[in-house]
Undergrad: 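Below is the structure I would like to discuss, written out as structure tokens.
Order of appearance sets the numbers: ligands from 1, and atoms from 1 within every ligand. We count residues from 1, following the sequence as given.
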Amino acid sequence: MREETLLTPEWVTQKATFLDWDSQPSLFKHYPHFCYRTPLSAHPSLQWLMETRCITSHQIVAHKPYYRLNVPSAGNLHPIEIYVQIRNIAGLLSGLYHLEVVTQELVLIAEIGVAGIEPYLGLEQRFTGCIVMLSIVPFRSSWKYGLRAWRYLYLDLGHQIGALSSSVRHFGLNLTKMFTQDTDALNRVMGMGEDERIVAVYGVGEGSMRLVKRLEDPLMSVQPTNYTIKERLLAENIKKVALYNDIPNSIVWDDFVTFNNTRRSARGFNPNVMGDKAIVELMEVKAPSSLEIVPILLQAHTMQLGSYRNKECTVSGNFNSDVVHLLLDQRFISGSNMVLLIYAVDFRAHSHIDAGIYAQEIYTMCAFLGVGCSGIGAFYDNESFRWSNKPLLYAVAIGGK
Ligand SMILES: Cc1cc2nc3c(=O)[nH]c(=O)nc-3n(C[C@H](O)[C@H](O)[C@H](O)COP(=O)(O)O)c2cc1C
């Protein structure tokens with residue numbers, strides 16, 4: 001999908017048309033009002049789930065509600081939903097639930113008992129606790145970005161998996177890997193139509209000795225947006241992607257809840273207030289082996305400006321205007337201290353998810369260090385080879401606040 005999703009100067013000029021925000025598809029999926037609901041705040045043992053995906057800012061913009069979440073999202077379009085199978089948790093009916101982010105409620109789609117989702121994930125015994133399923137809703141993003149949305153869906157998903165992992169670890173729990181041979185069957189039984197696809201699954205709980213039967217009847221189907229326009233190539237490519245189930249090696253943050261609720265993407269920087277020590281700490285954040293991180297230092301107190309590899313400046317120089325241009329001439333980036341360019345060994349969906357997970361950790365590290373940052377998904381692909389021979393997937397601009 002690299003060629004189909006390239007950004008070139010010609011494409012950008014052509015696309016720079018007026019976007020009618022009134023035609024934006026709805027951001028949050030709603031199951032019918034007759035479904036049983038319970039507020040997450042009534043279940044303290046599920047605080048990790050509440051912190052995984054939540055609203056952290058609510059404004060009115062142009063007479064419409066404008067929500068922002070604990071996770072960043074390209075264009076603030078949030079093309080993700082979360083479902084949870086809950087089994088044997090005190091105070092909750094065992095069942096398959098949708099996490100309704102806007103009300104912070106769990107919405108019961110179907111009760112479970114001897115039958116459950118486990119056999120779709122290769123398990124013969126019941127899984128006690130939660131099975132978390134993350135879906136993507138391509139139209140929420142393709143409505144604005146066309147085919148480029150393919151990349152943003154997986155980057156956004158990576159941010160979401162990163163937040164899930166940090167939250168779980170903060171609350172002293174762990175993620176369990178879940179597999180499936182048949183992603184189609186899992187999607188069918190969960191009631192996913194053509195406009196939504198479950199793409200990652202994790203357990204938070206433990207296996208048991210009790211046998212489980214396969215849930216036979218699909219759950220009710222609810223459209224994830226109020227309307228949709230089919231994008232065939234996008235849908236076909238998403239269907240081919242195997243379930244993601246790598247477990248991020250997230251740092252355990254004591255102040256995770258504060259960072260999670262106050263994090264915002266920077267819209268401007270004050271480069272003088274960011275120290276060199278913070279720059280080095282950010283360079284030390286571990287990335288998975290699927291990625292190659294190239295920090296470009298644009299402004300610092302004593303450190304050498306230029307591009308870095310493994311904390312060593314390998315090419316010195318002032319690359320401010322080159323980097324700003326690479327990132328589609330987004331002017332606010334010129335005030336940043338450092339831009340992390342995130343390249344991948346392979347251009348695949350899973351590398352984009354890895355890049356999103358890594359960037360989510362960078363966001364949290366920036367919150368810890370008291371500096372600002374923003375994920376940058378818009379760049380001229382063919383100009384990125386100057387700093388690596390691999391494909392560029394994502395960038396993060398970082399600087400003083
Ligand atoms: C995959 C991805 C790509 C993004 N690309 C850009 C970008 O190119 N330029 C930009 O200014 N912000 C970018 N952002 C930041 C979003 O605009 C921001 O997350 C969104 O507006 C919500 O604001 P918040 O992060 O403060 O909650 C990106 C975020 C993500 C997750």
Undergrad: Evaluating non-hydrogen atoms only, which member of Ser73, Pro72, Gly375 is closest to atom 16 (C) of ligand 1?
TA: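 Answer by nearest heavy atom: Ser73.
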
Undergrad: Are any of the N or O atoms of Gln330 closer than 3.5 Å to those of ligand 1?
TA: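 Yes; the residue has a nitrogen or oxygen that sits under 3.5 Å from a nitrogen or oxygen of the ligand.
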
Undergrad: May I ask you to check whether Arg264 has an N/O atom sitting below 3.5 Å from an N/O atom of ligand 1?
TA: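 Yes, since at least one N or O of Arg264 sits under 3.5 Å from an N or O of ligand 1.
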
Undergrad: Could you list the atoms of ligand 1 found under 4.0 angstrom from a heavy atom of Asp156?
TA: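 Counting from 1, the qualifying ligand atoms are 1 (C), 31 (C).
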
Undergrad: Give the C-alpha distance, both sets of side-chain angles, the deciding distance and a yes or no for salt bridge (Lys or Arg N to Asp or Glu O under 4.0 Å) between Glu118 and Arg214.
TA: CA-CA 7 Å; Glu118 290 92 335; Arg214 193 181 159 90; over 6 Å; no

Undergrad: Ignoring hydrogens and angles, state whether a donor on the side chain of Trp253 or Thr364 is under 3.5 Å from an acceptor on the partner side chain.
TA: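 Checked: Trp253/Thr364 side chains show no N/O donor-acceptor pair below 3.5 Å.
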
Undergrad: Indicate yes or no for a side-chain donor-acceptor contact from Tyr380 to the backbone of His325 under 3.5 Å, with no hydrogens or angles considered.
TA: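 Flag not set: sc Tyr380 to bb His325 has no pair under 3.5 Å.
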
Undergrad: So if I apply the ring-ring contact (aromatic ring centres under 6.0 Å, His included) rule between His352 and each of Phe347, Tyr152, Tyr394, which one comes out positive?
TA: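 Output: one option passes, namely Phe347.
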
Undergrad: Mind checking whether Gly377 has an N or O less than 3.5 Å away from an N or O of ligand 1?
TA: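 Yes - when backbone and side-chain N and O of Gly377 are compared with those of ligand 1, one distance drops under 3.5 Å.
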
Undergrad: Hey, is the main chain of Lys29 close enough, under 3.5 Å, to the side chain of Glu81 for a donor-acceptor pair?
TA: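 Such a contact is found between Glu81 side chain and Lys29 backbone.
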
Undergrad: Mind checking whether Ile376 contacts ligand 1 via backbone (N, CA, C, O), side chain (CB onward), both or neither, at a 4.0 Å heavy-atom cut-off?
TA: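 Both backbone and side chain.
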
Undergrad: What pairs of residues pass the side-chain hydrogen bond (donor to acceptor under 3.5 Å, both in side chains) test when at least one of them lies in residues 161-170, not counting sequence neighbours?
TA: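 Residue pairs with at least one partner in residues 161-170: Ser165-Ser250.
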
Undergrad: Could you list the atoms of ligand 1 found under 4.0 angstrom from a heavy atom of Ala378?
TA: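 Within the 4.0 Å cut-off of Ala378, ligand 1 contributes 8 (O).
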
